Amino acid sequence: MNKEQVAAILTEIGTLLELKGENPFKTRAYLNAARAIESLDEPLEKVVAEGRLDQIKGIGESLRDKITELVTTGRLGYYEELKASIPPGLIELLEIPGLGPKRILTLREKLGIESVDALEKACREGKVATLPGFGEKTQANLLEGIERRRKFASQHLLIEVWSAAEPLLEFLRQHPDVIRCSPAGSLRRNKEVIGDLDLLASSKNPKQVLEDFTRQPAVTKVLAKGDTKASVLLEGGLQADLRVVADREFPFAQIYFTGSKQHNIVMRQRAIERGLRLNEYGLFRSKEETRDPKLLIPCKDEAEVFQQLGLHYIPPELREDLGEFEAAEKGPIPRLLEWTDLKGSLHNHTTWSDGHMTLEETVQLARSLGLAYWAVTDHSRSSFQANGLDPQRLRQQIRAIREINQRLEDEGADFHLLAGTEVDILRDRLDFDDDLLAELDFVIASLHVPANNEAENTKRLIRAAQNRFVHALGHPTGRLLLERDPYPVNLDAVIEACAETGTWIELNCNPHRFDMDWRHWPAALRKGVRCVLGPDAHRREHVAYLKLGVGIARKGWLQPRDVINTLPWPQLLKALQRKRQKL
DNA sequence: GCCGTTTTCGGCCCGACTGTTTTCAGTCG
């Protein structure tokens, strides 16, 4: 059983315990352990075999034994008994906003409700409103929650949430009563998938700001509105929360509402260790709960708050409690990749396969962005659904690209178009022979038709990495966010093979993919693997994906030196030759 | 269930909002 599977079971145990009304800290212990297992950068079997499980922070005696049982036998008696004791429909009930373990228990005991359907029926019959702790309003809200859940996804892609956030941020920037404003939550942390949109503002007149916020054109319903906070629903079902604080409180609120939750727990803990108290209103010289301005340690921005807690500044993207504290204690966090570091783009399509730009339009676009190079990597013939090129068409395309480059050179332009391919990784070989691949400047190899078998997929990817003409592996897990899980593959082994052969791995910047996942990059970097940031651009507007991808790359701790397409043209040429000479 | 230069027991981050209540429980983030 691999890390992801073990983590999923531990998380599920946490949820089941929550439903049982167990001690919430016990629930949290399971969720913490799941996270700890997930972020392990060595094989779980190895840690178990060497008896090092309980050296991991958050895993004690009991969890050590349970994880060992899972890894060695593939089963866990405790989990199976727990699961059998709870009707499966209850987990779904927990997803209805407004329902937690206590109310679910009441619904179950008084009305025998154990599923969303049963709840809906009871609400419609008016039975729920009669229960203690419930009322007409709660009943109506539950019904609405059920309907909304049916109609809209509860999770949204980063790109959708940014599009919704931008007009709201613009409204805040323009508002006469707003002093400072900022995105917050998982949006500011650039998570690939987001639950709801969090915004923060400072003002002397919060009531007015909140009032005007709830009247924005995109708002379809006001869920809550108080003196400091409002929640609304936007078109498309996305929930947006705005919190308004005094300007003095802004940096503290920014830290608090940016999260993550786990990151904040450590921050508060650090404050307590120093005899201080941290909340969204400030950092106070007090052990007691307080908002007393006389005890406030004033900070003008987030960096000063971190400094007070003995830390260098931690960029929002890294605030996941996945190693940022250890790093920020030791010294400054390295400068992470920025959009302006990119010198070119290496994974792109044209009208020759399934793209919507011609070669000429591609050149125009890339030059208008000030890029120094751009690789054309159309699909290979087996991707017939994408109008993949056969060897003859690819050779034609290479000639066309060489002609364009000749013309650019004659014009004295400082721009280069690379001839490349996104070659399919087939069952037993690549879609093009080595002699054809050797004619290309850049080769990225992708698995588009995976097997339903981890060993098989791993083998295919490793074989592709071992080919001396393959520069990079494209979107190495094939996941489509909110649509399709990654295909089964042993990524640790693939990363190992890429490290050995000097093969780069793509961080595909298509917002549906963001593949390879940011969580795997720190381990890959430690092994010496480098990254290609690929927009996988099929249309003109897809170049914007590069910018989004930079946000994800930052979550993976990628620095400019780790990313191939930050290299200036002459160095890129050398880097492209290296593997062919080495193997 | 985890954890410990204040602790091996008693903590574990903590405040806002809603709705059902007449002072607060439950949920949420």
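These numbers come from a predicted model, not from an experiment. Just so we're on the same page: letters track the sequence lines, and every chain starts at 1.
Applying the 90° criterion around 0 to the glycosidic angle, B:dT7 comes out syn.
Between B:dC2 and B:dT7, the distance separating the two C1' atoms is 14 Å to the nearest Å. For the P atom pair drawn from B:dT21 and B:dT27, the interatomic distance equals 15 Å after rounding to whole Å. The separation of B:dT18 from B:dT8, taken at their C1' atoms, amounts to 41 Å, rounded to a whole angstrom. Atom name C1', nucleotides B:dC13 and B:dG29: the rounded distance is 12 Å, in whole Å. Nucleotides B:dG11 and B:dA16, compared at atom P, are 24 Å apart to the nearest Å. Here, B:dG19 and B:dT23 have their C1' atoms 13 Å apart, quoted to the whole Å. Rounded to a whole angstrom, the distance from the P atom of B:dG26 to that of B:dT20 is 14 Å.
A cation-pi arrangement is present between A:Lys66 and A:Tyr78, with the terminal nitrogen or guanidinium carbon under 6.0 Å from the aromatic centre and inside a 45° cone about the axis.
Phosphate contact (OP1/OP2 of B:dT20, side-chain N/O of A:Thr138, threshold under 4.0 Å): present. Close to B:dG1, at under 4.0 Å from its OP1 or OP2, lies a side-chain N or O of A:Ser62. A close approach under 4.0 Å does occur between a side-chain nitrogen or oxygen of A:Lys66 and OP1 or OP2 of B:dG1. Listed pair A:Thr27 / B:dG1 fails the phosphate criterion, with no side-chain N or O lying under 4.0 Å from OP1 or OP2.
The pair A:Glu114-A:Arg108 meets the salt-bridge criterion, with a side-chain N (NZ, NE, NH1 or NH2) lying under 4.0 Å from an Asp/Glu carboxylate O. The pair A:Glu125-A:Lys121 counts as a salt bridge, with a side-chain nitrogen and a carboxylate oxygen less than 4.0 angstrom apart. We find that A:Lys221 and A:Glu144 are joined by a salt bridge, their nearest charged nitrogen and carboxylate oxygen being less than 4.0 Å apart. Look at A:Glu147 and A:Arg124 and you find a salt bridge, because one of the NZ, NE, NH1 or NH2 atoms lies within 4.0 Å of a carboxylate O, short of that distance. Ion pairing of A:Arg52 with A:Glu42 is present here, as a side-chain N (NZ or NE/NH1/NH2) and a carboxylate O approach within less than 4.0 Å. A salt bridge is absent between A:Glu192 and A:Arg513: the closest approach of a Lys/Arg side-chain nitrogen to an acidic carboxylate oxygen does not fall below 4.0 angstrom. Using a 4.0 Å cut-off between a side-chain N of Lys or Arg and a carboxylate O of Asp or Glu, A:Arg319 and A:Glu324 do not qualify as a salt bridge. Ion pairing of A:Arg554 with A:Glu320 is absent here, as no side-chain N (NZ or NE/NH1/NH2) approaches a carboxylate O to less than 4.0 Å.
For the pair A:Thr258 (side chain) and A:Ile255 (backbone), a donor-acceptor distance under 3.5 Å is absent. A side-chain donor-acceptor contact under 3.5 Å links A:Ser202 to the backbone of A:Arg180.
For A:Glu280, counting side-chain heavy atoms from C-beta on, the closest listed nucleotide (B:dG15, B:dC17, B:dT20) is B:dG15. Distances from the side chain of A:Lys137 to the nucleotides B:dG19, B:dG1, B:dT18 place B:dG19 closest. Side-chain proximity of A:Lys26 to B:dG19, B:dT27, B:dG1: nearest is B:dG1. Distance from the side chain of A:Asp196 is smallest to B:dG29 among B:dG26, B:dG1, B:dG29.
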Base versus backbone protein contacts along nucleotides 6-13 of chain B [heavy-atom cut-off under 4.0 Å; B, S, -]: B-----BB
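Heavy atoms of A:Leu17 sit nowhere under 4.0 angstrom from any nucleic acid atom. A:Ile96 comes within 4.0 angstrom of the backbone, heavy atoms only, and of no base. Nucleic acid contact for A:Glu22: none, since no nucleic acid atom lies under 4.0 Å from a heavy atom of the residue.
For A:Asp198 and B:dC28, the CG to C1' distance is 11 Å, given to the nearest whole Å. Between A:Asp54 atom CG and B:dG1 atom P there is a gap of 15 Å when expressed in whole angstrom units. At whole-Å resolution of the value, NZ in A:Lys229 and C1' in B:dG29 are 7 Å apart. As rounded to whole Å, 9 Å separates atom P of B:dC28 from atom CD of A:Glu18. Atom-to-atom, NZ of A:Lys102 to P of B:dT20 comes out at 18 Å; the value is rounded to the nearest Å. One atom, CG of A:Leu94, and another, C1' of B:dC28, lie 12 Å apart when rounded to the nearest Å. A:Tyr281 places its OH atom 6 Å from the C1' atom of B:dG15, with the value rounded to the nearest Å. Remark: P of B:dC28 and CD1 of A:Ile104 are 9 Å apart, rounded to the nearest angstrom.
Contacts between residues 117-135 of chain A and DNA chain B, defined by a heavy-atom separation below 4.0 Å, involve A:Gly133, A:Phe134, A:Gly135, listed by number.
Here B:dG10 sits opposite B:dC3 as a Watson-Crick or G-U wobble pair (both hydrogen-bonding atom distances under 3.5 Å).
Residues A:Leu99 and A:Tyr30 each lie close to DNA chain B; by heavy-atom proximity, the contact nearer the 5' end of the strand is made by A:Tyr30. Between A:Leu210 and A:Phe257, the residue anchored nearer the 5' end of DNA chain B, judged by the nucleotide with its closest heavy atom, is A:Leu210.
A perpendicular orientation is assigned to the rings of A:His263 and A:Phe306, their planes being inclined by more than 60° (bins at 30° and 60°).
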